[in-house]
Number of protein chains: 2
Amino acid sequence: MARRRVKEDRRGEIAKCAGALFAEQGVRATTVRDIAEGVGMLSGSLYHHFKTKNDIVHELMRQYGDDLVARYEQAAVLGGTAIERLRRLFHACLEANLQNPDEEAILIRELDALFREPEFGYIHEMLVQIESLFVGVIQSGMESGEIRADIDVHFVYRMMMDVMGAVPRWYDPSQHAKDDVVEGWIDIFTRGVGRAAAE
Amino acid sequence: MARRRVKEDRRGEIAKCAGALFAEQGVRATTVRDIAEGVGMLSGSLYHHFKTKNDIVHELMRQYGDDLVARYEQAAVLGGTAIERLRRLFHACLEANLQNPDEEAILIRELDALFREPEFGYIHEMLVQIESLFVGVIQSGMESGEIRADIDVHFVYRMMMDVMGAVPRWYDPSQHAKDDVVEGWIDIFTRGVGRAAAE
DNA sequence: GTCTATACATCGATAGAC
DNA sequence: GTCTATCGATGTATAGAC
């Protein structure tokens, strides 16, 4: 077990360094020579640990994808009002960003580019899974009377996901309190910014 | 004048074709040979019309940027309530998407990658300009009492811009009525999705 | 497990004939 | 204004010595 730890560490070290570079400048713009330099070896040596450059991306995304879905599933589970579950979903999004900022940045950044290729199909399956979790929560809120039933569920979902998807572009844990952001979202999404809502 | 028209047409033809390819697969992933094939010539011939590949991107973005700012400026101009001006701003966003979908897709797609390079600095200046237009409208709404004054202006702006920035990813003019989308945004942003807001 | 060395493909861009 | 031909840089990946 300890032996395996050491063996895996080198691989993990490469993945972590590559993740930082991918997040910063994009997968395509990052060369295997960049990655190798980052971990102090030559590009040829990388291929002892990974078969291809994209395999590093797969390693990062498969791991992060599992983590992300697990977080959302736990957040969406019954318990509390629909708004409270929505709050937990938003919280899960920021929490994931805090713990794996590079992976989240890569996920969002490559969605319309690299991840459209067939070999990354599992990523879109994951997004569908997350969408159904969100839609389920919103819908249950409509049935319970917490959420307006006169708006399209998927329209609401899209707005929420678009807002969350932009997080890697601006979220800085040292500048923004996680709870403040979540409450800000919940506040605006539930009550709106209209003056009437505040009275 | 007619003469110049013809001369400019070839250049425009190249830019248009390149724009479609850039929007679909990203600037970096699109080769000069792809572009040349698209307009029926060989890659070397492109360089009679453009000095570099990036110059084609500049041509597209400078033109679109001017168009975009003009639209937003016209929408933000005084007249009507703050909500009505906000409605016009949203409308301008979708209108720009309808008329130049490729350029808008490129703008969003390359924001975190290519457009971070110094030679594209004017793009970020443009975004700052647009932000101040939005913030101005929101703030005037707070002062007039239309919009809640207990929330951060830039937080609201960011949510709105994040939603608009995702448009190229899903907006299909044949499936979504422009006015419906705008009204949906206005409705949720002003009143929220909470049941209380509907009563 | 890393390095040396290099194969092999593809890229942006250029020079000069037509 | 386009084509032919190609340069030089850069990319991923491989083979074999150490």
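Below, all heavy atoms of this structure are taken into account, side chains as well, without hydrogens, waters or symmetry copies. Quick note on labels: first sequence line is chain A, next is B, and so on, each numbered from 1.
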*Mapping B:Asn54 and A:Ile14 to their closest nucleotides on DNA chain C, which lands nearer the 5' end?*
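Its nucleotide being nearer the 5' end, the pick is A:Ile14.
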
*Considering all heavy atoms of both residues, which atom of B:Val137 and which atom of B:Ala76 are nearest to each other, and what is their separation?*
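The pair with the smallest heavy-atom distance is CG2-CB, 4.0 Å.
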
Listing time: all N or O pairs from protein to nucleotides 16-18 of chain D that are below 3.5 Å?
none

*How about B:Ile56 and B:Phe22: do any of their side-chain heavy atoms sit closer than 4.5 Å?*
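The answer is yes, as the side chains (C-beta and beyond) meet within the 4.5 Å cut-off.
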
Taking OP1 and OP2 of [N], is either one under 4.0 Å from a side-chain nitrogen or oxygen of [X]?
X       : N      : answer
B:Tyr47 : C:dA13 : yes
B:Arg11 : D:dG1  : no
A:His48 : C:dT2  : no
B:Arg28 : C:dC11 : no

*Look at the rings of A:Phe134 and A:Tyr72 and say which category their plane angle falls in: under 30° parallel, 30 to 60° tilted, over 60° perpendicular.*
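Geometry flag for A:Tyr72 against A:Phe134: perpendicular rings.
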
*Do the ring planes of B:Phe115 and B:Phe120 sit parallel (below 30°), tilted (30 to 60°) or perpendicular (above 60°)?*
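Tilted, since the angle between the ring planes falls between 30° and 60°.
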
*Salt-bridge test for B:Asp162 and B:Arg158: reply yes if a basic N is under 4.0 Å from a carboxylate O, no otherwise.*
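Salt bridge flag = no for B:Arg158 with B:Asp162.
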
_Looking at A:Arg87 and A:Glu84, is there a salt bridge between them, counting it only when a charged N and a carboxylate O are closer than 4.0 Å?_
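Between A:Arg87 and A:Glu84 there is no salt bridge, as every charged N stays at least 4.0 Å from the carboxylate O atoms.
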
What integer distance in Å separates [X]:[atom1] from [N]:[atom2]?
X        : N      : atom1 : atom2 : answer
B:Phe22  : C:dG12 : CZ    : P     : 9 Å
A:Phe50  : D:dT12 : CZ    : P     : 15 Å
B:Leu46  : C:dA13 : CG    : P     : 10 Å
A:Glu37  : D:dT12 : CD    : C1'   : 17 Å
A:Asp55  : D:dT12 : CG    : C1'   : 13 Å
B:Glu119 : C:dG12 : CD    : C1'   : 13 Å
B:Lys51  : C:dT14 : NZ    : P     : 8 Å

Are any protein N/O atoms closer than 3.5 Å to N/O atoms in nucleotides 3-6 of chain D? If there are, list each pair with its distance.
| residue | atom | partner | partner atom | Å |
| --- | --- | --- | --- | --- |
| D:dC3 | OP2 | B:Leu42 | N | 2.8 |
| D:dC3 | OP2 | B:Ser45 | OG | 3.2 |

_Listed once per pair and sorted, the side-chain hydrogen bond (donor to acceptor under 3.5 Å, both in side chains) pairs that draw on residues 163-173 of chain B, sequence neighbours left out_ =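 Residue pairs with at least one partner in residues 163-173 of chain B: A:Asp112-B:Arg169, B:Asp172-B:Ser174.
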
_Approximate separation, where rounding is to 0.5 Å, of A:Leu89 CG and A:Met164 CE_ =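 If we round to the nearest 0.5 Å, A:Leu89:CG and A:Met164:CE are 7.0 Å apart.
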
*From D:dA13, C:dA13, C:dG1, pick the nucleotide closest to the side chain of A:Lys53?*
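Nearest to the side chain of A:Lys53 among the choices is D:dA13.
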
_Can you confirm whether more than 12 heavy atoms, excluding those of A:Glu119, are under 6.0 Å from its CD atom?_
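Check passes, neighbour count above 12.
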
